[in-house]
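Convention: sequence-line order gives letters A, B, ...; per-chain numbering from 1. Quick caveat, the model's predicted, so the values are computed rather than measured.
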Amino acid sequence: GNSVTQMEGPVTLSEEAFLTINCTYTATGYPSLFWYVQYPGEGLQLLLKATKADDKGSNKGFEATYRKETTSFHLEKGSVQVSDSAVYFCALRNNAGKSTFGDGTTLTVKP
Amino acid sequence: DGGITQSPKYLFRKEGQNVTLSCEQNLNHDAMYWYRQDPGQGLRLIYYSQIVNDFQKGDIAEGYSVSREKKESFPLTVTSAQKNPTAFYLCASSMNGGQDYGYTFGSGTRLTVV
C-alpha cells in the first residue's frame, strides 16, 4: 500500500533560519504530492502541490520539488517567521483518488 | 467565497449519547471525507463519499455512521458504540476525476465526552 514518512518533530528554529522538513513516500505508479499546514485549533490548509516528477510547488516562500528517483518531496523555506509556527503534513494522492497523509511535523519558530 | 463549514466548533457529549457533527460545502465538490485527529497524531480516515447516496468505510469506521443525501452535506454521527470518541474531527472535500486535486478542509469540531 501507499505510505508517507515525515521527519519526526518537533522542529524548533530561530526566526530567519532555513527550514527543511523531510518527506519520503512509497506508492505504486506516479502519485501527486502535497504539503498541508495546520495552525493551532484549525483545519488543514493546502500549502503547495506537485503533480509530476521534477515539478516544483511553491507558495508563501515555501518550496518542494517532486523527486521521483529518491521518492521524496522535502519542504523548504529560506527564512522562517514566527507566524510559520504550525504542523506540516506531507500527503500523496494516487490515480484512484485515494490520499495518504504523513503523521505531521510540528514547527516552532522563536523570535 | 466558497468553503467548507463544520459545526459546532466545540461539542460535549455524555457517555451513552449519540451526537451528530455537521459538514456543509458550497464548492460543488463531489467527494467528501471525515477524519479523526488525536493529540500529536496524524489523520485517520473514518468514512468517505465520492458521490451522493454512496459512501465507504475508512480505516476506523466502527462506532460512526454517515449519510450523503445531498451533494453539499456529509454529517457524521458518533454513536454510543464508539468507546473513545474524544478527539478533533475534520471534514474535507475534493473534486473527483483524478489525483491532482488537493483537499479543502473545514475548521474542525472538537468533541469531548463528559
Side-chain angles (χ1 to χ4, degrees), chain A residues 1-11 21 23 25 27-53 55 57 59 64 66 73 86-108, chain B residues 1-10 21 23-25 27 29-51 54 56-60 87-112:
Chain A
N2 299 333
S3 67
V4 175
T5 303
Q6 295 182 227
M7 66 185 286
E8 288 194 22
V11 174
I21 300 178
C23 171
Y25 67 91
T28 54
Y30 304 101
S32 292
L33 302 173
F34 303 85
W35 277 101
Y36 292 85
V37 58
Q38 184 180 32
Y39 299 103
E42 299 183 11
L44 280 69
Q45 302 173 25
L46 180 62
L47 181 59
L48 53 84
K49 71 176 184 181
T51 59
K52 61 182 186 295
D55 265 3
N59 186 25
Y66 190 139
F73 193 54
V87 182
Y88 292 82
F89 290 90
C90 185
L92 67 82
R93 194 171 189 187
N94 65 13
N95 58 9
K98 181 175 171 61
S99 289
T100 303
F101 289 84
D103 288 338
T105 302
T106 301
L107 170 66
T108 301
Chain B
D1 283 342
I4 183 166
T5 301
Q6 290 187 242
S7 61
K9 191 168 180 65
Y10 299 96
L21 284 58
C23 179
E24 304 274 337
Q25 55 97 0
L27 299 163
H29 284 172
D30 299 301
M32 296 187 74
Y33 309 84
W34 275 106
Y35 287 91
R36 169 178 173 144
Q37 187 177 31
D38 292 287
Q41 297 189 28
L43 306 177
R44 291 188 288 170
L45 182 63
I46 305 172
Y47 269 97
Y48 65 101
S49 167
Q50 294 182 303
I51 195 168
D54 189 42
Q56 283 78 41
K57 294 181 179 180
D59 301 318
I60 57 164
F88 189 51
Y89 291 86
L90 287 163
C91 181
S93 68
S94 176
M95 294 293 290
N96 274 337
Q99 64 190 52
D100 294 348
Y101 300 104
Y103 287 5
T104 301
F105 283 84
S107 56
T109 292
R110 189 167 298 280
L111 173 64
T112 303

What heavy-atom pair brings Leu27(B) and Gly3(B) nearest, and what distance separates the two atoms? CD2-N, 3.5 Å
Quick one: what part of Asn95(A) sits under 4.5 Å from any heavy atom of chain B, side chain, backbone, both or neither? both
If you count heavy-atom pairs within less than 4.5 Å of chain B, which of Thr106(A), Val87(A), Asn94(A) leads? Asn94(A)
Please flag which part of Gln37(B) lies under 4.5 Å from any non-hydrogen atom of chain A: side chain, backbone, both or neither. side chain
Where on Ala96(A) is there a heavy atom nearer than 4.5 Å to chain B: the side chain, the backbone, both, or neither? backbone
Between Ser49(B) and Asp54(B), is there a donor-acceptor pair closer than 3.5 Å when you use the side chain of the first and the backbone of the second? yes
Is Ser99(A) in contact with chain B via its backbone, its side chain, both, or neither, using a 4.5 Å heavy-atom distance? both
Shorter than 4.5 Å, heavy atoms on both sides: which option in Gln38(A), Gln6(A), Lys98(A) has the most such pairs with chain B? Gln38(A)
Mind ranking Gly9(A), Pro31(A), Ala50(A) by heavy-atom pairs under 4.5 Å with chain B and telling me who comes out on top? Pro31(A)
Proximity breakdown for Phe88(B) and chain A, heavy-atom pairs closer than 4.5 Å: side chain
For Tyr30(A), is it the side chain, the backbone, both or neither that has a heavy atom under 4.5 Å from a heavy atom of chain B? backbone
Side-chain heavy atoms of Ile21(A) within contact of Trp35(A), under 4.5 Å: yes
Give a yes or no answer on whether the side chain of Gln6(B) reaches the backbone of Gly108(B) with a donor-acceptor pair at less than 3.5 Å. yes
Contact between Phe34(A) and Cys23(A) at the side-chain level, heavy atoms closer than 4.5 Å - yes or no? no
Note, Lys57(B) side chain near Tyr47(B) side chain (heavy atom, < 4.5 Å): yes
Name the region of Tyr33(B), side chain, backbone, both or neither, that has any atom closer than 4.5 Å to a heavy atom of chain A. side chain
In terms of heavy-atom contacts, does CD of Glu8(A) have more than 12 from other residues, nucleotides or ligands at under 6.0 Å? no
Relative to chain A, which of Asn96(B), Leu90(B), Leu43(B), Ile4(B) shows the most heavy atom pairs under 4.5 Å? Leu43(B)
Flag, side chain of Tyr36(A) to backbone of Tyr103(B), donor-acceptor distance under 3.5 Å: yes
